[in-house]
Amino acid sequence: MDLALLRTFVTVHRAGSFTRAAALLGLSQPAVTSQIRTLERQLGRPLFLRQARGVTPTSIGNELAHKAAPHLDALVEIAETGLDDESAVRTLHLAGPPEFTAERALPALAELSGEDGQGFALRASFGNAEEVLEGLASGHHDLAISTARPRGALLTATPLCDEEHVLVAGSQWAEEIDTGRLHRKDASALEHLPVVEVHESLPLVSRYWASVFDALPAASGTVIVPDLRAVLACAVAGAGLAVLPRYLCATALARGDVVAVYEPAVPPLRTYVLAVRTGTLAMPHVARAHDWLLGAAASWC
């Protein structure tokens, strides 16, 4: 079986589209389509179901990807690092949400870049759950940190840690809250407060309200900034109420820059997973980074 055809097949499987696969491979879409058809003729079975937007692998397609992808990734690793240079430094490509990756994952992995002969170069990129998992599946990243579990057999995910969410505000706003109503889980005690969030849809506030108050927030965002560190800075400055990961606001809480408006008996949690392409843990630098992050995460919870 032609390895070039397999490489095209795995790229299409990961990209979910002939068009995206063609861009990744530097080929024309007709060339990709032709190669997939050739492979399907050789196997005598369809590998993809064509849809209006992209393609969906058949069961045979999924089975072939599961068997072939790890070996193709290993061949790419050999081609990139060579057979003779045992000291060649590998490059690890990590992707994840900006705040968690910057505050947790990167400082932990930086410890592996020492001079012990087992270090690796590190490249990081940021994105939301969908973006980082798509980039991982397409081969752009080696590891991805995500709050969403990947589907299918192409990617494998391991729970990394749970993130506790805290409802915080500047002390001037906390003084205006009817704590009696709030402790009865009456969210109307908070309706008059301005809200700081990362998106107009209020993803963190809505999740907190649903979990703690069994309700939807009545307020709209007063300040919208696409980074939780900026949300914290705005809350410290008195811009309003915010829902933040405890690890991110712990220092501000200890200093009194913000206060915890409400502490439920069971705080809302969000779980992060560490995802890889199935089979790539056979690569030593990927396996070492994967295991190191899992070990470091034991102290993050």
Side-chain angles (χ1 to χ4, degrees), residues 7-25 48-49 51 53-59 61-70 72-73 76-77 91-106 108-109 122-163 198-199 201 203-204 207 226-228 245 269-283 285-287 289-294 296-297 300:
R7 178 170 177 259
T8 298
F9 160 73
V10 169
T11 304
V12 172
H13 189 276
R14 288 172 170 169
S17 160
F18 285 173
T19 302
R20 287 198 293 271
L24 291 169
L25 292 166
F48 297 103
L49 300 176
Q51 299 179 333
R53 294 184 178 180
V55 293
T56 300
T58 63
S59 58
N62 276 327
E63 183 180 352
L64 179 60
H66 182 71
K67 291 180 178 179
L72 285 170
D73 287 333
V76 170
E77 174 76 0
T91 298
L92 181 84
H93 295 270
L94 172 73
E99 306 87 357
F100 186 88
T101 304
E103 298 290 330
R104 293 299 202 195
L106 289 177
L109 288 176
L122 181 60
R123 301 291 183 269
S125 58
F126 300 145
N128 60 35
E130 180 180 354
E131 290 167 345
V132 301
L133 290 178
E134 181 176 344
L136 178 65
S138 299
H140 295 303
H141 317 308
D142 300 309
L143 291 174
I145 298 170
S146 172
T147 54
R149 278 189 169 275
R151 298 177 179 177
L154 183 61
L155 302 181
T156 303
T158 305
L160 185 61
C161 69
D162 290 328
E163 173 184 87
V198 294
H199 192 271
S201 63
L204 297 179
R207 188 180 298 115
D227 189 296
L228 288 174
L269 300 176
R270 181 167 63 172
T271 300
Y272 285 97
V273 298
L274 185 59
V276 297
R277 289 188 304 282
T278 301
T280 56
L281 288 179
M283 300 179 181
H285 71 300
V286 176
H290 182 273
D291 292 345
W292 190 270
L293 282 176
L294 292 178
W300 298 343

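The figures that follow rest on heavy atoms only: side chains count, while hydrogens, waters and symmetry mates do not.
Between the side chain of Asp142 and the backbone N or O of His93 there is at least one donor-acceptor pair closer than 3.5 Å. Side-chain atoms of Trp292 come within 3.5 Å of backbone atoms of Ala108 as a donor-acceptor pair (strictly under, hydrogens ignored). Thr280 contributes no side-chain N or O that, together with a main-chain N or O of Val276, makes up a donor-acceptor pair within less than 3.5 Å. Within the 3.5 Å criterion, the main-chain N or O of Ser201 finds a donor-acceptor partner in the side chain of His199. Side chain of Glu103 to backbone of Phe100: no donor-acceptor contact under 3.5 angstrom is found. Remark: side-chain polar atoms of Glu163 are not paired, donor with acceptor, to backbone N or O of Pro245 under 3.5 angstrom.
When all heavy atoms of Ala129 and Ala148 are compared, the pair lying nearest together is CB-CB, 3.9 Å. Of all heavy-atom pairs spanning Leu94 and Ala105, the tightest one is CD2-CB, 4.2 Å. Here the closest heavy-atom approach between residue Pro159 and residue Arg149 is recorded as CG-NH2, 3.3 Å. Counting all heavy atoms, side chain and backbone alike, Gly127 lies closest to Val132 at O-CG1, 3.7 Å.
Between Ile145 and Val273 there is no side-chain heavy-atom pair separated by less than 4.5 Å. You'll find the side chain of Tyr272 reaches within 4.5 Å of the side chain of Arg270, heavy atoms only. Between Leu133 and Pro150 the shortest side-chain heavy-atom distance falls below 4.5 Å. When side chains are defined from C-beta on, Val55 does not count as touching Ser17, because their heavy atoms never get closer than 4.5 Å. Proximity of Thr147 to Thr271: side-chain heavy atoms (C-beta onward) are nowhere separated by under 4.5 Å. In this structure, Leu122 and Leu106 have side chains that are in contact, with non-hydrogen atoms separated by less than 4.5 Å. Contact of the Thr56 side chain with the Phe48 side chain is not registered, since no non-hydrogen atoms from C-beta on lie closer than 4.5 Å. Between Leu143 and Leu136, every side-chain heavy-atom pair lies at or beyond the 4.5 Å cut-off.
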Where do Arg277 and Arg14 land on the side chain to side chain contact (heavy atoms under 4.5 Å, CB included) test, with the steps shown first? CA-CA 10 Å; Arg277 289 188 304 282; Arg14 288 172 170 169; 3.1 Å; yes
Asp227/Phe126 under side chain to side chain contact (heavy atoms under 4.5 Å, CB included): CA gap, chis, key distance, verdict: CA-CA 11 Å; Asp227 189 296; Phe126 300 145; over 6 Å; no
Run the numbers on Val286 and Leu92 for side chain to side chain contact (heavy atoms under 4.5 Å, CB included), then give the verdict. CA-CA 7 Å; Val286 176; Leu92 181 84; 4.2 Å; yes
Run His13 and Asn62 through side chain to side chain contact (heavy atoms under 4.5 Å, CB included) and show every step you take. CA-CA 8 Å; His13 189 276; Asn62 276 327; 2.8 Å; yes
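For the atom pair Leu64 CG and Ser59 OG, the distance stands at 11.5 Å (nearest 0.5 Å). To the nearest 0.5 angstrom, Glu130 atom CD is 10.0 Å from Ser146 atom OG. Here Leu274 contributes atom CG and Leu293 contributes atom CG; the two are 5.5 Å apart, rounded to the nearest 0.5 Å.
Screening residues 15-24 for salt bridge (charged side-chain N to carboxylate O under 4.0 Å, His left out) gives Arg20-Glu134 as the qualifying pairs, with residues at least two apart or on separate chains.
Within a 6.0 Å sphere centred on CD of Gln51, other residues, nucleotides and ligands contribute more than 12 heavy atoms.
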